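Read through the structure below, which is laid out as structure tokens, and then see the notes.
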Number of protein chains: 2
Amino acid sequence: MKPTILVVEDDRMIRELVSIYLEKAGYEVIVAANGEDAKESFRVFQPCLIILDLMLPKISGEELCSWFRSEKRNEVSIIMLSAKAKTQDKIDGLKMGADDYMTKPFDPAELVAHVEAVLRRTGQFCQKITYGGLSIQPRKGEVQLFGKKLPLTKNEFNLLFHFMDNPNIVLSRDDLIYQLYPYNDKMVLDRTIDAHIKNLREKIEDEPSSPKRILTVRGMGYKFVHD
Amino acid sequence: MKPTILVVEDDRMIRELVSIYLEKAGYEVIVAANGEDAKESFRVFQPCLIILDLMLPKISGEELCSWFRSEKRNEVSIIMLSAKAKTQDKIDGLKMGADDYMTKPFDPAELVAHVEAVLRRTGQFCQKITYGGLSIQPRKGEVQLFGKKLPLTKNEFNLLFHFMDNPNIVLSRDDLIYQLYPYNDKMVLDRTIDAHIKNLREKIEDEPSSPKRILTVRGMGYKFVHD
DNA sequence: GAGATATTCATGAAATCTTCATATTCCACA
DNA sequence: TGTGGAATATGAAGATTTCATGAATATCTC
């Protein structure tokens, strides 16, 4: 499953050039030539990254950026594209919530490198997180331990994902319960989490020699560690 | 609770210029003029972001970058700084694991904007309070003394956090008790606090030569001091 | 309904907390 | 400068909390 990138650009030449490079780099590319289409594509395809030209007809790139950032759309990364090369323009763009800012004209290969840098950091949900031989692919719903597929239950999977998304951070049982039941519709005991942790540990720390991945932090919760 | 930034740059002028801007923007800044110092500072201060010049004496910036990445994979963000402005240089830098790449000469205000863009993603994880080699990272549930991890119990941790959050302020035992039991559900004696303080002191003032961090203010309570 | 999964329960062991008894320090005042 | 009383430090013992675990029960899914 490839990460999806939305390219918002009204200039057809640039749009296609960028698309070709991104596709060659292994991404799923969606294009939009104006703000309306961009919003629609965003809703439908839920891209993990947006390449956003600032000079657009009707709805401006800046306005779109705010829209993407509003509500709970913070997860998506945005790389701005603009002919405006003044320092203040760049600062304004970044302050607006862009993760990166590139000036036209640009080398598409460099754009790809920037995309990869940004996704390495933020696109975890779209791709794969790996720590010491343990890797999780959220979209595929798949977990591998040194290449061997691990069958996890839904709760185990969600727990592990949240752990690997927050390495070295102490997660309280309340926090973990909330991850499993975001709608607060269920009253479960702390002990339930313990039980899931136990089962999860058995699966990801299968051999006695394998490193302890999930530490218990007495009185506080659990922590996924690496290194 | 400012994020810590490590600036690795051999040119003193640039180093100080960058430091000034970053400090003005509210960051805790550590500087290093060469690779060895950088590694040492990295270990001790655990910065959440590194501004890394590529042209360094002895150990190159590229080598350092790999070292940082191997040391703590994703945890630290890296912004590269270089006079090399060719597209291929930027691509190489980003591929090496940098989160961003800026070319010299640069506007320090723009650098700050880039720093903020990068930290917007990752900054929440590296909140930290540091006084004289003693640092606490609430989200990690971790305390370090000159880079060495200290195992604290929950109460010790909470006490220390409250102390470091209120440096140089006298905290009464009642206040401290309230910190440990915000729900007022427990009646504990003042002596209990004394006992925790004793254990905490043993851990954070482990050597006879180490400075006294927690002072007793007779008749009033305790005070965490620095400088 | 059957198998898989989720949740709860009960238990023991271990870590941690709290208190108590005693020692030490500090300060006021002679 | 010495002394007594109050406040704090300390070590150890007992009490409590917390967690891992295995088994029992409930719930979900097909």
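In this text, all values refer to a predicted model and were calculated from it rather than measured experimentally. The sequence lines fix the lettering, A, B, ..., with proteins before strands; numbering per chain opens at 1.
OP1 or OP2 of D:dA9 lies within a sub-4.0 Å distance of a side-chain N or O belonging to B:Y222. Under 4.0 angstrom from either OP1 or OP2 of D:dT10 there lies no side-chain N or O belonging to B:R191. Regarding contacts with the backbone of D:dT8, a side-chain N or O of B:R173 is found under 4.0 angstrom from either OP1 or OP2.
Residue A:T153 is in sugar-phosphate contact alone, with no base atom involved, counting any heavy-atom pair closer than 4.0 Å across all strands shown. Across all strands, A:T216 comes closer than 4.0 Å only to sugar-phosphate atoms, never to a base (heavy-atom distances).
A:D175 has its side chain within reach of A:H162: a pair of non-hydrogen atoms, C-beta onward, lies under 4.5 Å apart. Between B:E116 and A:L94, the closest side-chain pair of non-hydrogen atoms is not below 4.5 Å.
Partners of A:K95 according to the side-chain hydrogen bond (donor to acceptor under 3.5 Å, both in side chains) rule, which considers only residues two or more places apart in sequence or in another chain, do not exist here. Annotation: salt bridge (Lys or Arg N to Asp or Glu O under 4.0 Å) contacts of A:D194 (sequence neighbours excluded): A:R173, A:R191. In this structure B:F157 satisfies the ring-ring contact (aromatic ring centres under 6.0 Å, His included) test with no other residue, sequence neighbours excluded. For A:K154, there are no salt bridge (Lys or Arg N to Asp or Glu O under 4.0 Å) partners at least two apart in sequence or on another chain. Partners of B:Y131 according to the ring-ring contact (aromatic ring centres under 6.0 Å, His included) rule, which considers only residues two or more places apart in sequence or in another chain, are B:F224, B:H226. In this structure A:D99 satisfies the side-chain hydrogen bond (donor to acceptor under 3.5 Å, both in side chains) test together with A:R69, B:R121, sequence neighbours excluded.
Without hydrogens or angle criteria, A:R15 side chain to A:A33 main chain gives no donor-acceptor distance under 3.5 Å.
Among pairs with a residue in residues 18-31 of chain B, none fulfils side chain to side chain donor-acceptor pair (under 3.5 Å), at least two apart in sequence or across chains.
When the C1' atoms of four end pairs are superposed on the next four at each end of the helix from C:dG1-D:dC30 to C:dA30-D:dT1, using five pairs per end, the two resulting axes differ in direction by 50°, to 10°.
Residues from residues 155-164 of chain B that place a heavy atom under 4.0 Å from any atom of DNA chain D: there are none.
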Inset, instruction - Summarise protein proximity over nucleotides 22-30 of chain D in one line of letters, 5' to 3': B for base, S for sugar-phosphate only, - for none, counting protein heavy atoms closer than 4.0 Å. - result: S--------
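Running 5' to 3' along DNA chain C, contacts with non-hydrogen atoms of chain B at under 4.0 Å begin and end at C:dT16 to C:dC27.
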I'd like a table of atom pairs between the protein and nucleotides 13-15 of chain D - only N or O on both sides, under 3.5 Å - with the distance next to each one.
none

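Salt-bridge annotation for A:K58 and A:E36: absent, with no side-chain N of the basic residue lying under 4.0 Å from a carboxylate O of the acidic one.
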